[in-house]
Amino acid sequence: MWKRTALKKKARSSMRKSYWKMISVCFIIALVTTAYPVSTTFVSLQVAPNSHISDAAFALSIPNSEVIIQIGSQLLADTPLSGLFQSTAAHISQLLIDMYSTHISLIFTTLRAVYAFLSEPFGMPVVFSITAVFLMLLYQVFVSNLLLIGEKRFFLESHNYSATKISKIFFLFKLRCLFAPAWIMFCRSLFQGLWYLTIVDGIIKHYEYILIPYILAENPKISRADAFRLSKHLMMHNKWKMFCLDLSFLGWRLLSILTLGFLDFVFVNPYITGCRAELYLALRRNYVLSRSPRYEQLNDPYLEHVPSEDELLISKALYDDSQGPYTKISYFAPGEYPVFLFSVQPPFQAVKSPIRADRKYDTRSCIFLFHAFSIFGWLLETIIHLLRDGFFSTGLTLRIPWMPLYGICGILLLLLSKRIRKKPVRVFLMSLVLYTVTEYLFNTVSELLLGYPLRDYSEFLMNVNGRIYLGGALFFALLGCAFLYYLAPRWTGYFMKLKPSARTAVCICLSVLFAAGIVLMPLLS
């Protein structure tokens, strides 16, 4: 048996131990997946309709609500319902659609493709839109869904292991265990979508399937049939209680809406996710103790039992005899889950030495990283435009395969963050400030020299003079942390394998190509 008050008390206790980590995990998940759509409202809310296709990297050419209105108008054109639909949709679209949907959405990417098909003759725009749907499907299946499982794993471990790292959300990628969980999550989304067509049964199935990500977080190798069966059995006689638990959060949800999702970031998301993790732990404990059907598939006892130091040493000694992938590298520490005892082990080639974020970078490495991050930024923004808008941007900043704003901010972050690299929150805030200031200067200089800013964010609520936009700044701050802690050390490691003369030649070639692109850019306009 479980009680709501007990679950909430345990969740609040876990939050006190790992508050900033939980906020960070939910923040990352909100920005890069379709979870927590309300959370991104205050950074992505558009207060003015786009009169033209925006060149902003993190802006939509057409908001989600506008997609619904335009497709509905196309389908209902010359019918008595056309005027009624437009007047009704205009009143509720931004409140219900834009607030409860995200930019990274397979549904709305598909609707954009439908709109392009209805409004354009078959050509490149339609081809790009179809390509965007395919890429978004891959992103949902192999990135978004797997990160959601990683989020559940983080919260499950945080129950007993206060030193659980934020990087735990990537645990499936580290294990190289992707296809089975991705397939099961895809089936869950597909079946859930079909059940939603019946409305009432859709709500019932929502709660019947709700524990599948937690089951996969515990046992990624489980079969699809067992994952669905266990979720069904665990939620048997508990669906109504779970529904009441969700209703008890209604007040927090309303407060979050009033703050345009800001409260979600700082409290609501980690609180609710923590409560659900506590619920899963309570249900699985009872299920395993009662030896219910297929209980052996819930095969991670260390979520409940924290091994002592002696147990770890004995287990490590026995594990070393097996010559497993963690033989040479110890992956356990006080307050952390002993991953070398996890039921799924990575292949030998996937186990690497920990990345050193505090490594030193010489001049050639910095030049290389400037170009590498600039090209990476160009690729990223091109893909974002294709996924969100269904076309390749033709903005001025994307005429050459470099985005110097990324490279400049990345190098500044490397140089200025030496003393705070062990404090990710401070690094995130520094990255946010660096990007905000640099982009504001870029747009100001562009407006003085060219008569217009490179990017115009004036349609967004959280903007400053149309030159910077909070949503883009937050996204880049997250990307800056990824650059500092993962991309820069990895890329530099590969770069340093070259001979000194080859490293010099690479830097010279990239610099010449970049300079030629800058000189020739007016001719490409």
Side-chain angles (χ1 to χ4, degrees), residues 28 31-32 55-59 103-104 132 135-136 138-139 142-144 147 167 170 173 355-357 359 361-389 392-417 421 424 427-428 430-432 434-436 438-439 442 454-455 469 471-498 503 506-518 521:
I28 294 170
L31 287 183
V32 300
D55 288 330
F58 305 100
H103 299 332
I104 308 173
L135 293 177
M136 183 59 76
L138 292 179
Y139 181 85
F142 291 106
V143 178
S144 182
L147 289 178
S167 60
F170 304 105
F173 298 93
I355 297 174
R356 290 185 55 199
R359 67 174 299 163
Y361 300 91
D362 59 17
T363 303
R364 283 179 294 188
S365 296
C366 288
I367 294 173
F368 168 74
L369 288 175
F370 165 79
H371 293 295
F373 200 39
S374 297
I375 295 172
F376 175 82
W378 180 85
L379 290 171
L380 179 64
E381 296 205 3
T382 301
I383 293 172
I384 286 174
H385 272 288
L386 179 61
L387 291 178
R388 293 183 172 181
D389 306 332
F392 287 105
S393 174
T394 58
L396 180 62
T397 57
L398 301 178
R399 299 291 172 86
I400 59 173
W402 263 266
M403 288 294 295
L405 177 63
Y406 282 73
I408 292 172
C409 290
I411 296 303
L412 288 175
L413 188 61
L414 283 180
L415 298 177
L416 299 177
S417 65
R421 288 182 185 175
V427 170
F428 175 83
M430 176 178 283
S431 180
L432 179 67
L434 285 175
Y435 178 83
T436 300
T438 306
E439 185 174 40
F442 262 57
L454 294 177
R455 294 172 175 175
Y469 152 57
L474 289 173
F475 186 90
F476 184 89
L478 193 62
L479 191 63
C481 292
F483 174 73
L484 178 66
Y485 291 112
Y486 184 81
L487 297 177
R490 279 279 185 238
W491 290 346
T492 303
Y494 298 138
F495 181 66
M496 295 302 292
K497 292 180 180 179
L498 300 175
R503 295 201 295 269
V506 168
C507 291
I508 292 174
C509 289
L510 289 174
S511 299
V512 169
L513 289 173
F514 176 66
I518 295 295
M521 190 165 61

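In this text, all values refer to a predicted model and were calculated from it rather than measured experimentally.
Between Val143 and Val32 there is no side-chain heavy-atom pair separated by less than 4.5 Å. When side chains are defined from C-beta on, Leu479 counts as touching Phe376, because their heavy atoms get closer than 4.5 Å. Between Phe495 and Arg364 the shortest side-chain heavy-atom distance falls below 4.5 Å. In this structure the side chain of Tyr406 reaches within 4.5 angstrom of the side chain of Glu381, judged on heavy atoms. In this structure, Tyr435 and Leu405 have side chains that are in contact, with non-hydrogen atoms separated by less than 4.5 Å. Side chains of Leu498 and Phe368 form no contact here, defined as non-hydrogen atoms less than 4.5 Å apart. Contact annotation: the side chain of Leu147 approaches that of Phe170 to within less than 4.5 Å [non-hydrogen atoms, C-beta and beyond]. Residues Leu414 and Arg421 form a side-chain contact, since some pair of their non-hydrogen atoms from C-beta on lies under 4.5 Å apart.
Taking each heavy atom of Val427 and Cys481 in turn, the nearest pair found is CG1-SG, 4.1 Å. Annotation for Ile411 and Cys366: closest pair CD1-O, 3.2 Å, computed over non-hydrogen atoms. Nearest heavy atoms, Pro404 versus Phe442: CG-CE2, 4.5 Å. In this structure, Pro401 and Ile375 approach most closely via the heavy-atom pair O-CG1, 3.3 Å.
Under the ring-ring contact (aromatic ring centres under 6.0 Å, His included) criterion, Tyr485 pairs with no residue at all, not counting sequence neighbours.
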Check step by step if side chain to side chain contact (heavy atoms under 4.5 Å, CB included) holds for Trp491 and Phe483.
CA-CA 10 Å; Trp491 290 346; Phe483 174 73; 4.1 Å; yes
Would Phe514 and Phe370 count as a ring pair (Phe, Tyr, Trp, His ring centres under 6.0 Å) here? Give the steps.
CA-CA 11 Å; Phe514 176 66; Phe370 165 79; 5.7 Å; yes
Leu474 and Phe428: CA distance, side-chain angles, deciding distance, side chain to side chain contact (heavy atoms under 4.5 Å, CB included) verdict
CA-CA 9 Å; Leu474 289 173; Phe428 175 83; 4.0 Å; yes
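Under the 30°/60° scheme for interplanar angles, the aromatic rings of Trp402 and His371 are found to stand perpendicular.
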